[in-house]
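A short worksheet on the structure shown next.
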Amino acid sequence: MKIVVIGAGYVGSVTGACLASMGHKVVVLDKDIDKVSKLKSGKSPISEPGLNELLKEVSISGRFSASSDLAETALDADLVLVSVGTPTNKVDGSADLQAITRVFTELRDLLIRRESSLAIGITSTVPPGTTNQVARKILCNEPQTSGKFTLSFIPEFLREGTAISDFKNPSRFIVGVDEKQDADPFLLLRPDLSDRTHIVGISEAEMLKSVENAWHATKVVFANEIGRISEALDVDAGNVMDLLVLDTRQNISKTYLRPGFSFGGSCLPKDVRSLVRLSELKAVPSPLLKSLIPSNHQHIDSAFTKILQTGKSKIGILGLAFKADTDDIRESPALELIQKLLGYGFELRIHDFEALRHDLYGANLATLQNHAHIRRLMHESVDQVISDSEVIVITQHNKKYLSYVRGELGERTLIDLTGLTRKNV
Ligand code: NAD
């Protein structure tokens, strides 16, 4: 394929050199003529291990060149990858899309002059929505471009310092498209990755890239807060975290990484609070840990708002205990949601498979005694709760509820706070 990579930065230079080394004919394009002249002489404009050697090799092969003229280089290209920068807009923290806007305006003018259709992929990191609401809009605002392009979002996950091996051997190849056939040119681009290619929607692919970086940042900040607190307690945080990552069942795993309802129960809330208090006593700032309980309550408030927005008043709650297969109702988020709904005058019917079944003892009994009004709203039959309610709210990720809510619900609204009814569960 003849490929044009726009942007000769950390992503574009590596992408261009690697694709040329895989046998494609590549032109890397930049508005910065110093970068272009460096690339033309087979040298890297950035510092990246192995890149100078790779550029020298692909330049000699005749498959790699550089330019600053889009109109000339891309007129007969099969595929364009847009890898320009999307830095922080200093005014409000949003992504500055000026370079994207400029490139797509140039691409629109190019498409008017082209005879054949061009596959365009954005590999820059952009906020979800940008590919269609900014890039596609620009391309479409000239009627002569109609039918002459496909537009995709191809998130790039390489890391500086190991960029070449990351590019050549990524853990996944994500192709974000609106129409499945738009992915075809990218499947031809990377046939070596067919065993790990995922064709997804554009906004999912855009979101994934942003979320991954937020996730990495969260892990770094978490580990550093643990490091600071441990240091203040004279505990070796390195050892603690080495042990933490050994658990691949709960710690380094999919567990707890699906959006659902708030956490609760007898352990997480109290132990987070206690660690936060300890960090306060040691005068160790831990803003991430400190944000967990408020964010968890915020999630309950969001659930409340969803119910409020239905405009209905008869609400059926499926699940009272903080999770399935336990009668433990201590600090259950369902309990907090129920209190709030009652305070606003909603008419509630509540079901739980375990929380009512047995006699309650100890802390659970005390919790429910404090909430005698809630006990009166509990029903033995799921069907009864559903038939007497206008809105069904799943508050517990309990597979036993699936057969009930997948049945005929009539006019009733289903609000699944847990992700139980998502198709891949
Ligand atoms: P960079 O700033 O190093 O390079 C961007 C290049 O685009 C610059 O050389 C600039 O001159 C060029 N450019 C800007 N406007 C142009 C235009 N109108 N025409 C031609 N060239 C133009 O950026 P980068 O680090 O390569 O990152 C590029 C994108 O990829 C960003 O969105 C970034 O978030 C994302 N990304 C970066 C990395 C990374 O490790 N650096 C990894 C994955 C994704």
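Note that the coordinates shown come from a computational prediction; the quantities given were computed from them, not determined experimentally. Numbering of ligands and ligand atoms starts at 1, following listing order.
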Using a strict 4.0 Å cut-off to heavy atoms of [X], name the atoms of ligand 1 that fall inside it.
| X | answer |
| --- | --- |
| Gly9 | 1 (P), 3 (O), 4 (O), 6 (C), 9 (O), 26 (O) |
| Ile6 | 20 (C) |
| Lys35 | 8 (C), 9 (O) |

(request) Can you establish whether the number of heavy atoms outside Glu115 located under 6.0 Å from its atom CD is more than 12? (result)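 Open.
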(request) Kindly identify the option in Val11, Asn213, Val5 whose heavy atom sits closest to atom 30 (O) of ligand 1. (result)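 Comparing heavy atoms across Val11, Asn213, Val5, the nearest one to atom 30 (O) of ligand 1 lies in Val11.
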(request) Identify which of Thr86, Leu158, Val84 has a heavy atom lying nearest to atom 29 (C) of ligand 1. (result)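 Minimum heavy-atom distance to atom 29 (C) of ligand 1 goes to Val84.
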Of the protein's non-hydrogen atoms, which lies at the shortest distance from [atom], and what is that distance?
| atom | answer |
| --- | --- |
| atom 21 (N) of ligand 1 | Lys31 N, 3.4 Å |
| atom 43 (C) of ligand 1 | Glu156 O, 3.1 Å |
| atom 25 (O) of ligand 1 | Tyr10 CB, 3.6 Å |
| atom 19 (N) of ligand 1 | Val103 CG2, 3.9 Å |
| atom 33 (C) of ligand 1 | Thr125 OG1, 4.0 Å |
| atom 5 (C) of ligand 1 | Gly85 N, 3.4 Å |
| atom 6 (C) of ligand 1 | Asp30 OD2, 3.6 Å |
| atom 39 (C) of ligand 1 | Glu160 OE2, 3.5 Å |

Between [X] and [Y], do the side chains contain an N or O donor and an N or O acceptor separated by less than 3.5 Å?
| X | Y | answer |
| --- | --- | --- |
| Ser67 | Asp69 | no |
| Ser83 | Glu156 | no |
| Ser165 | Asn169 | no |

(request) Over 60° means perpendicular and under 30° means parallel, so classify the ring planes of Phe353 and Tyr401, tilted if in between. (result)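 Taking Phe353 first and then Tyr401, their aromatic rings sit tilted (interplane angle of 30° to 60°).
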(message) Using heavy atoms and a 4.0 Å limit, tell me yes or no: is Lys209 in contact with ligand 1?
(response)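 A heavy atom of Lys209 does come that close to ligand 1.
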(message) So is Arg159 touching ligand 1 or not, going by heavy atoms under 4.0 Å?
(response)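 Distance cut 4.0 Å: Arg159 fails for ligand 1.
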May I ask you to say whether [X] pairs ionically with [Y], meaning some side-chain N is under 4.0 Å from a carboxylate O?
| X | Y | answer |
| --- | --- | --- |
| Glu331 | Lys270 | no |
| Asp416 | Arg422 | no |
| Arg277 | Glu280 | yes |

(request) Using modelled atom types only, decide if a donor and an acceptor are shared between the side chain of Glu48 and the backbone of Val14 within a distance under 3.5 Å. (result)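 Side chain of Glu48 to backbone of Val14: no pair is present.
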(request) Taking Glu212 for its side chain and Phe157 for its backbone only, find out whether a donor-acceptor pair lies under 3.5 Å. (result)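 The answer is no, because no donor-acceptor pair under 3.5 Å joins these two groups.
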(request) Check Ala334 against Leu320 and note the closest heavy-atom contact, atom names and distance. (result)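 Looking at all heavy atoms of both residues, the closest pair is CB-O, 3.7 Å.
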(message) Once you restrict to heavy atoms under 4.0 Å, what part of Ile46 touches ligand 1? Side chain, backbone, both or neither.
(response)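 Answer for Ile46: neither.
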(message) Heavy-atom distances under 4.0 Å decide this one: backbone, side chain, both or neither, for Ser83 against ligand 1?
(response)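 The answer is the backbone.
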